Enquirer: 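Below is one structure. I have some questions about it.
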Number of protein chains: 2
Amino acid sequence: MPKRKSKTEAEATSPSKKQKTEADATSPSKKQKTDADAKPPISLEEMDFSSSASTKTGNAWNKKFISMNVNGFRAFLNKGGLDYIKKESADVFCIQETKCSDKDIPVDDFKKAGFSTHFLAGDKAGYSGVGIIYKDPPMSIKDGIDVEKHDDEGRVITAEYEDYYLVTVYVPNSGRGLKRLEYRTKEWDVDFRKYLKELDNKKPVILCGDLNVAHNEIDLKNPKSNKNKTPGFCDAEREGLTELLQEGFIDTYRHIYPNKEQAYSFWTYMGNARAKNVGWRLDYFLVSKRLEDKMCDSLMRSQVMGSDHCPIALLMAF
Amino acid sequence: MPKRKSKTEAEATSPSKKQKTEADATSPSKKQKTDADAKPPISLEEMDFSSSASTKTGNAWNKKFISMNVNGFRAFLNKGGLDYIKKESADVFCIQETKCSDKDIPVDDFKKAGFSTHFLAGDKAGYSGVGIIYKDPPMSIKDGIDVEKHDDEGRVITAEYEDYYLVTVYVPNSGRGLKRLEYRTKEWDVDFRKYLKELDNKKPVILCGDLNVAHNEIDLKNPKSNKNKTPGFCDAEREGLTELLQEGFIDTYRHIYPNKEQAYSFWTYMGNARAKNVGWRLDYFLVSKRLEDKMCDSLMRSQVMGSDHCPIALLMAF
DNA sequence: CGTGCGAAG
DNA sequence: CTTCACACG
C-alpha cells in the first residue's frame with residue numbers, strides 16, 4: 001500500500017480544504033496536483049500515471065487494471081482514447097458502454113500497441129456492450145453470466161487468469177422514472193451476485209465496472225436531492241451493493257480511502273457538472289477478501305477526459 | 001438584362017476553359033471571380049452580391065428574391081446563415097427544408113435585421129418545411145395548395161404581393177430506390193401544376209424553390225450515370241418540369257444563360273462533390289411568361305456555404 | 001456525409 | 001449534454 005500512514009485521518013479533511021490526491025500520496029513525482037474538485041483540464045502529456053504503491057508488506061505492484069465506462073468506444077477513440085490507453089499501459093483495460101460491434105474495433109491499432117481485444121456487444125445496436133483490452137491473454141474468456149434473460153445486453157465478460165477471475169460489468173441503469181429499478185435490483189443484482197459468488201468459490205475475483213450505484217452519501221455530491229429519486233442512489237440499488245460486499249468482497253477504493261470525499265468517477269454532461277465536480281462514484285474495483293493483502297492502490301483518473309466517466313485504476317502485487 | 005451581348009455564344013465555351021460567372025457579367029466590381037467549378041471557399045466578407053443588372057429596356061432591378069434549400073434551418077443559422085441573410089439583404093428569402101418548427105426561429109434576430117418571418121412546418125418533426133423571410137409584408141400568405149394529401153408535409157407557401165404571387169416550394173424527393181417517384185410525378189406534380197396554373201390565371205407568378213429535378217443534361221455533372229437511376233434525373237421528373245414550363249413559365253436561369261455549363265445549386269455532401277463541382281441544378285426561379293420583360297438577372301450564389309444547396313437569386317424590375 | 005429525431009444515460 | 005440508431009436526402 002502507498003505509505004498509508006493513518007490514511008483514515010489524513011483523508012478526513014474538509015472538502016473545502018485542499019487535500020492531497022491519491023497520486024500525491026503514491027507518486028514520488030514533484031508534480032503537485034490540486035484537488036479533484038478543482039482540477040483544471042490538463043493534457044494527457046502532463047498527466048502522471050506513475051505509482052510506487054506497494055502492499056502492506058512492501059511488495060511493489062506488478063499488475064495494473066483499468067476500468068472505464070467510455071460512453072461509446074468509437075467516440076472515445078475519436079477523442080484520443082487510444083493515446084490514453086497507450087500512455088496508461090495497463091495490463092488489462094476493462095471498458096463498458098462500448099456501444100459498438102466488433103467491426104468498429106481498430107484491432108490493428110491495438111495489436112501495434114501490444115494489446116489484444118475481446119468485445120461483447122448487446123443485441124440492440126449502439127446500446128450497452130463491454131470489452132477487454134489486454135497484454136497477456138487470459139486462460140479463458142467467457143461472455144455473459146449464463147442467465148438468458150440478462151445475457152442479450154452485452155454486460156459481462158469474465159477473463160480467467162492463473163490467480164484470479166477478472167470480471168467486468170456494466171450494470172443496468174435503473175432508467176428514467178426508475179422504470180427498470182425492479183429488474184435491476186430484484187433480477188439482475190440477484191443473479192449477478194449469485195454468479196460472482198460461484199466464481200469466487202473457484203478462484204479469487206477482481207470485479208470492475210460501472211456498478212451504476214453510489215454506495216453511500218460520501219459517494220456522490222448531492223445525496224439528499226438524489227436519494228430514491230435518481231437512478232444510482234436508490235436504497236434498493238445501494239443495498240444491492242451492500243449485499244455483494246457482504247458476500248466477501250472489498251470496495252478497494254473505499255477500503256483504502258475510507259473518508260475521502262469529492263472522489264467521483266462520473267459526472268453528467270449536463271450543467272457543466274464535471275467542472276464543478278458535481279459527480280458520482282459509480283465505477284468500482286471490488287476484490288475477493290482474500291486478495292486484500294495483494295492490493296497496492298485503487299485510483300480515480302479524474303483528469304482523463306473522453307467520456308462522462310473517468311477511468312479507475314487498480315494496482316495489485318501478484 | 002445584364003449587358004447580354006450574345007450570351008449564347010459567350011457561354012458556349014468548353015468546361016475546361018475558364019468562363020466568366022454571371023456575377024462577372026453583371027457586376028461593375030473589379031473583383032474577378034473564378035469559375036463555378038474551381039472556386040476556392042471564400043469568406044462572406046469577400047463575396048460581392050452587388051449587381052447593376054437591368055431589364056432589356058434598361059430598367060434597373062428593384063426587387064431581389066433569394067431561394068435556398070438550407071438543409072435544416074437551425075444548422076444553417078449555426079453556420080452563420082443570419083450573416084449571409086443580412087449581407088444579401090434580399091426583399092424576400094424563400095427557404096426550404098427548414099426541418100424545424102416555429103419555436104426554433106429566432107424571430108427577434110430577424111426583427112432586428114428588418115425582416116419578418118412566416119414558417120410552415122410539416123407534421124413529421126424535423127422533416128421538410130418551408131419559410132419566407134421578408135422586408136415588406138405580403139397582402140396575404142397562404143400555406144399549402146389546398147390538396148389535403150399533399151399539405152401535411154409543409155412544402156408550399158404562397159405570398160401575394162401587389163403585382164405577383166410569390167410561391168416557394170420544396171418538391172418531394174423521389175426517394176431511395178425511387179420509391180416515391182410515382183407519388184411525386186403522378187400525384188404531386190400534377191396537383192401542384194394545377195395549383196400554379198390557377199394562381200397564374202389571377203396574377204403573374206414567381207415560383208422558386210427546390211424542384212428536386214435537374215431539367216436537362218446540362219443541369220447536372222453526370223447525366224449518363226444518373227439518368228432514370230437517381231432521384232432528380234428521371235424522365236418522369238424531367239417531363240414534369242417540361243410540362244410546367246409549357247403551362248407558361250420561364251426557367252429564368254436557363255432563359256438568361258441558355259448554354260451555361262457547370263452551373264449547379266446542389267452538391268451531395270458525399271465524396272467531396274462540392275469541391276469538385278459534381279453538382280445538380282435543382283433550385284429554380286420560374287416566372288410567368290408575362291413577367292419576362294421585368295427579369296433582370298438570375299444567379300447562382302455558388303460560394304455561399306452552410307447547406308448542400310447554395311442560394312439562388314432573382315433580380316426583377318417592377 | 002450531414003441534419004434532425006428519438007432512445008438512452 | 002452527449003452518445004448512438006435511424007430516416008431522409
Side-chain angles (χ1 to χ4, degrees), chain A residues 69-79 81 96-101 104 121-129 153-155 170-181 184 210 212-213 230-232 266-276 278 280 282-283 305-309, chain B residues 69-79 81 96-101 104 121-129 153-154 170-181 184 210 212-213 226 230-232 266-276 278 280 282-283 305-309:
Chain A
N69 177 319
V70 291
N71 189 30
F73 194 51
R74 283 167 292 176
F76 178 67
L77 291 176
N78 283 337
K79 289 179 278 198
Q96 304 89 38
E97 269 205 279
T98 54
K99 295 182 169 187
C100 68
S101 51
D104 301 313
D123 289 354
K124 202 196 294 185
Y127 177 74
S128 189
E153 290 189 353
R155 296 189 174 274
Y170 173 46
V171 170
N173 190 296
S174 295
R176 292 267 163 90
L178 303 174
K179 64 178 181 301
R180 235 186 161 191
L181 179 62
R184 145 72 181 272
D210 177 355
N212 255 322
V213 63
T230 312
F266 163 83
W267 306 262
T268 171
Y269 277 126
M270 296 166 220
N272 225 237
R274 190 158 185 175
K276 296 182 284 191
V278 177
W280 302 57
L282 301 181
D283 300 272
M305 306 304 287
S307 169
D308 48 0
H309 295 244
Chain B
N69 177 319
V70 291
N71 190 28
F73 194 50
R74 282 167 292 178
F76 178 66
L77 290 176
N78 282 336
K79 289 179 277 198
Q96 302 91 39
E97 270 206 278
T98 55
K99 293 182 170 188
C100 69
S101 51
D104 301 312
D123 290 354
K124 202 196 294 185
Y127 177 73
S128 189
E153 290 189 355
Y170 174 46
V171 171
N173 189 299
S174 295
R176 291 266 164 90
L178 303 175
K179 65 178 183 300
R180 234 185 161 195
L181 179 62
R184 145 72 181 272
D210 178 354
N212 255 322
V213 62
N226 288 303
T230 313
F266 163 84
W267 306 261
T268 171
Y269 276 126
M270 296 165 220
N272 225 240
R274 190 160 183 174
K276 296 182 281 189
V278 178
W280 302 56
L282 302 181
D283 300 272
M305 306 304 287
S307 169
D308 48 1
H309 294 243

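Numbers restart at 1 for each chain; the letters A, B, ... are given by sequence-line order, proteins then strands. All of these numbers come straight from a predicted model, not from anything done at the bench.
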Enquirer: How are the rings of A/W280 and A/F266 set relative to one another: parallel (under 30°), tilted (30 to 60°) or perpendicular (over 60°)?
Expert: perpendicular
Enquirer: Which residue, B/K179 or A/Y269, contacts DNA chain D at a nucleotide closer to its 5' end, judged by nearest heavy atom?
Expert: A/Y269
Enquirer: Which part of the nucleic acid, if any, lies within reach of A/F266 when heavy atoms closer than 4.0 Å are counted: base, sugar-phosphate only, or nothing?
Expert: nothing
Enquirer: Need one value for B/F76: base, sugar-phosphate or nothing, where a base atom within 4.0 Å counts as base even if backbone is also close, heavy atoms only.
Expert: nothing
Enquirer: Check whether any side-chain N or O of B/R184 sits under 3.5 Å from a backbone N or O of B/N173 as a donor-acceptor pair, and report yes or no.
Expert: no
Enquirer: Given that A/T98 and A/G271 both sit by DNA chain D, which one's nearest nucleotide is further toward the 5' end?
Expert: A/G271
Enquirer: Once side chain to side chain contact (heavy atoms under 4.5 Å, CB included) is applied, do any residues pair with B/A121, and if so which ones, sequence neighbours excluded?
Expert: none
Enquirer: Which nucleotide of DNA chain C is the first, and which the last, in the 5' to 3' direction, to come under 4.0 Å of a heavy atom belonging to chain B?
Expert: C/dC1 to C/dC5
Enquirer: By the 4.0 Å heavy-atom rule, please label A/R176 as base, sugar-phosphate, or nothing.
Expert: base
Enquirer: Looking only at heavy atoms, which two atoms of B/R74 and B/K99 are closest? And how far apart?
Expert: NH2-O, 2.7 Å
Enquirer: Quick one: list whatever passes side chain to side chain donor-acceptor pair (under 3.5 Å) with A/S128, sequence neighbours left out.
Expert: none
Enquirer: Output all residues satisfying salt bridge (Lys or Arg N to Asp or Glu O under 4.0 Å) with B/R180, sequence neighbours left out; order by chain, then residue number.
Expert: B/E153
Enquirer: Given 3.5 Å as the limit, does a donor-acceptor pair link the side chain of B/K79 with the main chain of B/G306, or not?
Expert: yes
Enquirer: Going 5' to 3' along DNA chain D, which nucleotides are the first and last within contact of chain B (any atom under 4.0 Å from a heavy atom)?
Expert: D/dC8 to D/dG9
Enquirer: If the condition is side chain to side chain donor-acceptor pair (under 3.5 Å), which residues does A/T98 pass it with, not counting sequence neighbours?
Expert: none
